[in-house]
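For reference, the structure discussed in these notes is given below.
Note that the coordinates shown come from a computational prediction; the quantities given were computed from them, not determined experimentally. Below, all heavy atoms of this structure are taken into account, side chains as well, without hydrogens, waters or symmetry copies.
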Amino acid sequence: MAQRQAYATETDNGGSAPEHPATRLRRLTDLTHRLARREAGGPRGGWRGDPRIWRRGIVLAVLALLLAAVMLVHSHIPNRIGNLGSLTETFLPWLGLAIPVLLVLGLVRRSATALLAVLLPAVVWLNLFGGLLSDKSGTGGDLMVATHNVNADNPDPAATARDVASSGAALLALEELPNSAVPVYEKALAPTYRYHAVEGTVGLWSKYPMSGVRAVDIKLGWTRAMRATVATPEGPVAVYVAHLPSVRVKMEAGFTARQRDKSADALGEAIADETLRRVVLLGDLNGTMNDRSLNAVTSQLRSTQGAAGSGFGFSWPASFPMARIDQIMVKGVEPESSWTLPRTDSDHLPIAARVKLDTSS
């Protein structure tokens, strides 16, 4: 009787009756099939055989395609509305952070569509910035240069001057020099640099003789750029020091950079008129190499970081660098290495580069 009850099943009238062996076998077969499908990758156990992997994650796929589109056509994003194009280009490398986020979300959603779509922004980002991930720096070069926006409110200008002088640079450009602090910098740098010149709020310190020092008009109404001829052992080099106007991000106006753009055009004209073959530009351009508004300058010169650096070389803000707005750019010389220097009391990191002046060999 106990054995019979163990295999009893409920009947339509609420009673119970013995379960037929064929029924029991069919139930066991169905259960076995369900377990087999799950082990083979059914809807709950895996991806293979799950038709929904192509239907899930459509929103993620659209976001991935939009991200790729922004990176692909960033130069066509209009500046008419709050300089949105320049703002995007300033922080363009950081858009890559969205790629691993979309990848993880695609895995969580188990969406083949999303994962396939994420490949596109990944390829675009690598095409734009993959070259910066490798170390292109060399060991050669016959001239080391450095530049630093020292910050007008620097609490210890003497220490900052000593820090950047210890880098070993033969040419040192400083920007954002307040009149009251110029004597402090001059005194601190005198033991290292025999020659120097200050024009407005920018200055150049050199271990080699300088001539032809003059201010460069960048359409500001006051002096924030200069030019000098430096007599290096390999011959004369035209050295420009510039501090382009700052840009602002305002809620009502967006990325305001009209004065910066105007000054960049003026600086580009001055460099285009340069008669010396070898040119070095040092300074805070308040813009990245990706920013189309600096084309008047960037179209003529090479970035030492892009040509011979390791990584992005972000220089601002010093507390958490997010953009390289301080630049060393050259023409007629060969970049050999480029890097950032240790932090000082400024809100910018100093940057340095080593270049080869003798390009005959």
Side-chain angles (χ1 to χ4, degrees), residues 83 86 90 145-154 157 160-161 164 171-186 189 193 195-206 210 212-230 238-249 255-274 279-289 291 293-298 300-301 303 315-318 323-330 344-351:
N83 277 289
S86 287
T90 296
V145 300
T147 181
H148 189 25
N149 179 325
V150 294
N151 187 0
D153 298 321
N154 192 312
T160 294
V164 291
L171 298 179
L172 173 63
L174 300 182
E175 302 87 48
E176 208 166 295
L177 293 169
N179 288 334
S180 59
V182 168
V184 179
Y185 285 103
E186 290 175 329
L189 295 173
Y193 300 97
Y195 310 94
H196 84 279
V198 175
E199 294 286 340
T201 62
V202 298
L204 178 64
W205 277 257
S206 172
M210 297 192 303
V213 177
R214 59 176 174 83
V216 175
D217 183 11
I218 56 173
K219 312 301 181 184
L220 275 175
W222 69 94
T223 301
R224 284 177 45 154
M226 63 176 289
R227 177 221 178 266
T229 299
V230 177
V239 179
Y240 286 79
V241 182
H243 182 195
L244 298 187
S246 300
V247 296
R248 297 287 185 267
V249 180
F255 191 63
T256 58
R258 185 173 302 172
Q259 185 58 63
R260 191 278 312 267
D261 299 348
K262 182 179 178 182
S263 292
D265 291 342
L267 179 61
E269 291 176 7
I271 294 173
D273 292 337
E274 178 56 54
V279 178
V280 175
L281 170 62
L282 308 166
D284 174 7
L285 302 189
N286 270 306
T288 68
M289 294 296 294
D291 192 337
S293 298
L294 300 183
N295 280 350
V297 176
T298 57
Q300 302 183 67
L301 306 170
S303 162
S315 63
W316 176 89
R324 185 179 176 88
I325 63 175
D326 301 275
Q327 306 290 350
I328 299 176
M329 304 179 67
V330 298
T344 69
D345 283 323
S346 172
D347 57 341
H348 291 242
L349 291 179
I351 61 174

Distance (rounded to the nearest 0.5 Å) between D291 CG and I325 CD1: 11.0 Å

Ion pair check, K219 and D217, cut-off under 4.0 Å: yes

More than 12 heavy atoms from other groups under 6.0 Å of CG on D273: yes

H348 and W316 aromatic ring geometry - parallel, tilted or perpendicular at 30°/60° bounds: tilted

T288 and T90: side chain donor to acceptor below 3.5 Å: no

Non-hydrogen side-chain atoms of L294 and Q327 separated by less than 4.5 Å: no

Flag for T344-H148: side-chain donor and acceptor within less than 3.5 Å: yes

Contact check, side chains of L171 and V280, non-hydrogen atoms, under 4.5 Å: no

E175 and T147 side chains, donor-acceptor separation under 3.5 Å: yes

Taking every non-hydrogen atom, the tightest pair across S263 and I218: OG-O, 2.7 Å

Side-chain heavy-atom pair T201, T223 within 4.5 angstrom cut-off: no

Distance, nearest 0.5 Å, that separates OG of S315 from CG of L349: 6.5 Å

Heavy-atom pair of closest approach, residues A161 and Y185: CB-CD2, 3.7 Å

Backbone N/O of A152 and side chain of E176: donor-acceptor pair under 3.5 Å: yes

Minimum heavy-atom distance G268-Q300, with the two atoms named: O-NE2, 2.8 Å

Side-chain touch V164/L172, heavy atoms, less than 4.5 angstrom: yes

I271 side chain near L267 side chain, heavy-atom distance below 4.5 Å: yes

Heavy-atom pair with the smallest gap, counting every atom of M289 and S303: CE-CB, 3.7 Å

Close side-chain approach of V239 to L282, heavy-atom, < 4.5 Å: yes

Side-chain touch V145/I328, heavy atoms, less than 4.5 angstrom: yes

A318 backbone acceptor or donor facing D347 side chain under 3.5 Å: no

Gap between atom CG of L177 and atom CG of L174 - 0.5 Å precision: 5.5 Å

Gap separating the OG atom of S246 from the CD atom of Q259, nearest 0.5 angstrom: 11.0 Å

Distance-minimising heavy-atom pair for M210 and Y195: CE-C, 4.1 Å

Salt-bridge criterion met for D284 and R224 (N-O under 4.0 Å): no

Minimum-distance pair of heavy atoms, taken over all atoms of P183 and N179: CD-O, 3.5 Å

Point-to-point distance, once rounded to the nearest 0.5 Å, from CD of E186 to NE2 of H196: 3.5 Å

Side-chain H-bond candidate by donor/acceptor type, N151 with S346, under 3.5 Å: no

R227 with E274: basic N within carboxylate O range, under 4.0 Å: yes

Non-hydrogen side-chain atoms of N149 and H243 separated by less than 4.5 Å: yes

Chi angles and distances behind the side chain to side chain donor-acceptor pair (under 3.5 Å) call for D345, T160: CA-CA 6 Å; D345 283 323; T160 294; 4.6 Å; no

Separation between CE of M329 and CG of L281, rounded to the nearest 0.5 Å: 6.5 Å

